[in-house]
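To start, the structure under review is shown below, and the notes come after it.
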Amino acid sequence: MSRITVLRLSHRIGRDDRVTTHVALTARAFGASGIAISGDRDENLLNSLRGVTERWGGPFEVTHVDDWLRYLKERRSEGDLLVHLTMYGLSLLEVMEELKRLSATRTMVVIVGSSKVPREVYDLADYNVSIGHQPHSEVAALAVFLDRLLEGRVFSIAFQGAKIVVIPDPRRKRVVRSSYDRELRLRTEGES
Ligand code: SAM
């Protein structure tokens with residue numbers, strides 16, 4: 001189990017619903033242990049993300065952050081490692097081994113922006129890290145970052161307490177639901 005929280009900065013209801021949802025789904029699927037969302041407090045979004053974890057398993061913590069600056073300062077003073085994903089930072093390839101080593105003993109906060117990212121984030125971050133130096137997307141940046149850092153954990157994570165599990169099939173959608181409890185248990189045990 002990783003100890004990585006993603007901080008999604010400056011969520012705006014209406015404008016960012018879809019992208020913030022995808023940031024959270026990507027964080028969960030690729031191995032982060034939770035997401036903290038700053039900006040507008042969006043109860044619909046928070047509930048819908050918690051619903052995903054209820055159905056598809058966890059653990060994955062979803063929280064709202066009122067004051068992102070205070071949050072980052074507190075996490076930093078608790079010894080967490082702050083990593084900001086930005087096209088202006090050092091290439092992930094340059095800092096990857098250092099980050100892997102540090103993340104073995106320290107909780108990591110991975111920060112992704114939405115609109116313009118305030119200067120303080122660059123200053124507070126222990127690492128400003130780029131996934132290439134071209135503008136793309138917080139979802140893409142997060143996926144590549146987590147995949148590289150966690151060495152492909154996306155392909156093997158066993159989510160606990162899942163009510164739905166996909167049965168891989170070359171041709172059609174197949175899932176097992178918790179009403180078939182025994183089959184589900186066998187499948188999730190087999191995967192761990
Ligand atoms: N215009 C904003 C700014 O100047 O800070 C950035 C907007 S961008 C669509 C949203 C987020 O995607 C960024 O804050 C960053 O976290 C992430 N991102 C986009 N391109 C990236 C890259 N090449 N490397 C790392 N992160 C990137």
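FYI, the numbering just counts along the sequence from 1. First listed ligand is number 1; within each ligand, the first listed atom is number 1.
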Starting from [atom], locate the nearest protein heavy atom and write down its residue, its atom name and how far away it is, to 0.1 Å.
atom	result
atom 23 (N) of ligand 1	Q134 O, 2.7 Å
atom 2 (C) of ligand 1	S115 O, 3.6 Å
atom 20 (N) of ligand 1	H136 N, 3.1 Å
atom 24 (N) of ligand 1	I131 N, 3.0 Å
atom 5 (O) of ligand 1	V117 N, 3.3 Å
atom 12 (O) of ligand 1	E138 N, 3.1 Å
atom 27 (C) of ligand 1	A141 CB, 3.7 Å

Numbered atoms of ligand 1 (with element) below 4.0 Å of [X], judged on heavy atoms:
X	result
S137	12 (O), 19 (C)
V112	16 (O)
G132	22 (C), 23 (N), 24 (N)
T86	24 (N), 25 (C), 26 (N)

(message) Using heavy atoms and a 4.0 Å limit, tell me yes or no: is A140 in contact with ligand 1?
(response) no

(request) Using the test side-chain contact (heavy atoms from CB on, under 4.5 Å), find all partners of R171 that sit at least two apart in sequence or belong to another chain. (result) D169

(message) Side chains of N128 and H84: any donor to acceptor distance under 3.5 Å?
(response) yes

(message) If only side-chain N and O atoms count, and only distance matters, is there a donor-acceptor pair under 3.5 Å linking R8 with T20?
(response) yes

(message) Check this for me: Y88, atom OH, are more than 12 non-hydrogen atoms of other residues, nucleotides or ligands nearer than 6.0 Å?
(response) no

(request) Might you confirm whether atom NZ of K73 has over 12 heavy atoms from other residues, nucleotides or ligands at distances under 6.0 Å? (result) no

(message) Measuring from atom 7 (C) of ligand 1, which candidate in S130, S114, G113, S10 has the nearest non-hydrogen atom?
(response) S114

(request) Run down the list L85, L9, L92 and name the one with the heavy atom closest to atom 15 (C) of ligand 1. (result) L85

So, do [X] and [Y] sit near enough that their side-chain heavy atoms are less than 4.5 Å apart?
X	Y	value
L7	L72	yes
F145	V83	yes
R12	S115	yes
L92	L99	yes

(request) Taking the six-membered ring of F159 (Phe, Tyr or Trp), confirm whether the NZ or CZ of R28 is under 6.0 Å from its centre and within 45° of its axis. (result) yes

(request) Using distance alone, determine whether K116 and ligand 1 share an N or O pair under 3.5 Å. (result) no

